[in-house]
Amino acid sequence: MALSPKGVQLLLEGGKALGLDLEAHLAAFSRLYDLLMEASRRTNLTALRTEEEVVVKHFLDSLTLLTLPLFQGPWRVLDLGTGAGFPGLPLKIVRPELEVTLLDATKKKVAFVAQAVETLGLKGAYPLWGRAEELAHMPKHREAYHRVVARAVAPLCALVELGLPFVALGGYMVAQKGPRVAEEVTPLPRALALLGGGLVTVHSLVLPVAQEERNLVVVPKEASTPAKYPRRPGVPEKNPLC
């Protein structure tokens, strides 16, 4: 079930609106769409079912990250809570020089991501199963990534505790959020002071085709995160640092 001509047109026009030429990546996105639809018939990978929804709200929404000048270079990127591979898989397709680790706590989703990585031949893409609260304490992952991205994972007050321990000094965490971002950003300074985060910037844009507001919340890593963070699984969301 490859992308239809309409789906291809949506992807190309949406990419152009984001400043991206996706012509060379059509085959990869078409194959990813095919894999996602096939897998979704067997298991609940995504709530999006129509071709337009997948193209716009998975593929193009993921690629809004590339409107920032933070993903040009051979950076190590962690996709925190990747789900069915978003935004990590589209990032890797369009920026093959990135080394992308795709982390999720749900085995069936990581299994799908692994299948997609193998089928698409994405070298330098690494599916990873586990809890962020546990993996962030392992030396191979702690402060080991230049960029950490997260899309539809958790409220910001919990998300910064989960994500910043993975970010190397001088690196950035980027959270993809919808229109109601101000109420999440306002209480962040207290948590960031505890976790080593710096001054937050918010980049607003409009998602092509859907014409929906999106906000990219950029958090720089300015100091090492104390060893006690993140706290044990479940605590960051139940008792956020904000």
Measure the spacing between CG of L103 and NE2 of H141 and express it to the nearest 0.5 Å.
8.0 Å

Flag this pair as yes if the NZ/CZ of R76 is under 6.0 angstrom from the six-membered ring centre of Y145 and inside a 45 degree cone about the axis; otherwise no.
yes

Shared ILVMFWY cluster between L68 and V167, side chains joined below 4.5 angstrom?
no

Taking salt bridge (charged side-chain N to carboxylate O under 4.0 Å, His left out) as the definition, give me every residue that meets it alongside K221, ordered by chain and number, with sequence neighbours left out.
E143

Assess the residue pair Y229 and L164 against the criterion (side chain to side chain contact (heavy atoms under 4.5 Å, CB included)); give the C-alpha distance rounded to whole Å, side-chain angles, the decisive distance to 0.1 Å, and a yes or no.
CA-CA 9 Å; Y229 299 116; L164 279 175; over 6 Å; no

Any link between V202 and V160 through a network of hydrophobic side chains (Ile, Leu, Val, Met, Phe, Trp, Tyr) touching at under 4.5 Å?
yes

Does K92 reach the main-chain N or O of E97 with its side chain, forming a donor-acceptor pair under 3.5 Å?
no

Hphob cluster co-occupancy, L195 + V218, side-chain heavy atoms under 4.5 angstrom
no

If you take all heavy atoms of A150 and V153, which pair is closest and at what distance?
CB-CG2, 4.0 Å

Is there a side-chain contact between P187 and C157 (heavy atoms, below 4.5 Å)?
yes

Side-chain contact test, heavy atoms from C-beta onward, threshold under 4.5 Å: evaluate it for T64 versus L18 and give yes or no.
yes

So, N215 and S204: side-chain donor and acceptor under 3.5 Å apart, yes or no?
yes

Side chains of Y126 and L78 in contact at under 4.5 Å (non-hydrogen atoms):
no

Given side chains that start at C-beta, do those of F29 and L11 come closer than 4.5 Å, heavy atoms only?
yes

Is E161 salt-bridged to R231, cutoff N-O under 4.0 Å?
yes

D21 with K16: basic N within carboxylate O range, under 4.0 Å
no

State, with a plain yes or no, whether a side-chain heavy atom of H203 is found less than 4.5 Å away from one of T201.
yes

As an exercise, state the distance from CG of L192 to CE of M173, rounded to the nearest 0.5 Å.
9.5 Å

Can you tell me how far CD of E237 sits from CD of E133, rounded to the nearest 0.5 angstrom?
7.5 Å

CZ on R142 to OG on S224, rounded to 0.5 Å
8.5 Å

Hey, which of L60, L63, L12, T67 is the one that makes side chain to side chain contact (heavy atoms under 4.5 Å, CB included) with L20?
L63

Determine whether L91 and D79 satisfy the following criterion, side chain to side chain contact (heavy atoms under 4.5 Å, CB included), listing intermediate values before the conclusion.
CA-CA 10 Å; L91 274 184; D79 179 1; over 6 Å; no

Under the salt bridge (Lys or Arg N to Asp or Glu O under 4.0 Å) criterion, do E184 and K177 qualify, and how do the steps go?
CA-CA 10 Å; E184 291 192 50; K177 290 288 180 178; 3.1 Å; yes

Once rounded to the nearest 0.5 Å, what's the spacing between atom CG of L80 and atom CG of D104?
9.0 Å

Carboxylate-amine/guanidinium contact R180 E183, below 4.0 Å:
yes

Report yes if the side chains of V54 and L36 come closer than 4.5 Å at any heavy-atom pair, otherwise no.
yes

Does E213 CD have over 12 foreign heavy atoms under 6.0 Å away?
yes

Looking only at heavy atoms, which two atoms of A114 and P127 are closest? And how far apart?
CA-CG, 3.5 Å

Does a side-chain N-to-carboxylate-O contact under 4.0 Å join K57 and E212?
yes

Are V149 and V217 connected into the same hydrophobic cluster when the rule is that any two of I, L, V, M, F, W, Y join if their side-chain heavy atoms are below 4.5 Å apart?
no

Apply side chain to side chain contact (heavy atoms under 4.5 Å, CB included) to L89 and V117, showing your working.
CA-CA 8 Å; L89 290 176; V117 166; 4.0 Å; yes

Minimal non-hydrogen separation, L32 against F112, with atom names
CD1-CZ, 4.5 Å

If hydrophobic clusters are built from ILVMFWY residues whose side chains come within less than 4.5 Å, do L241 and L162 share one?
yes

Looking only at non-hydrogen atoms, find the nearest pair between P165 and P230 and report the distance.
CG-CD, 3.5 Å

Would you give the length of the straight line joining atom CG of L102 to atom CG of L128, rounded to the nearest 0.5 angstrom?
9.0 Å

Residues L156 and A175: closest non-hydrogen pair is CD2-CB, 3.7 Å

Shortest non-hydrogen contact from V219 toward G197
CG1-CA, 4.3 Å

Pairwise side-chain contact, F59 with I93, heavy-atom cut-off 4.5 Å (strictly under)
no

Do you know which of L65, L98, L70 makes side chain to side chain contact (heavy atoms under 4.5 Å, CB included) with V77?
L98

Might you confirm whether atom CZ of F166 has over 12 heavy atoms from other residues, nucleotides or ligands at distances under 6.0 Å?
yes

Are the side chain of W129 and the backbone N or O of A105 linked by a donor-acceptor pair below 3.5 Å?
yes

Can you find a heavy atom in the side chain of E13 that is under 4.5 Å from one in the side chain of V209?
no

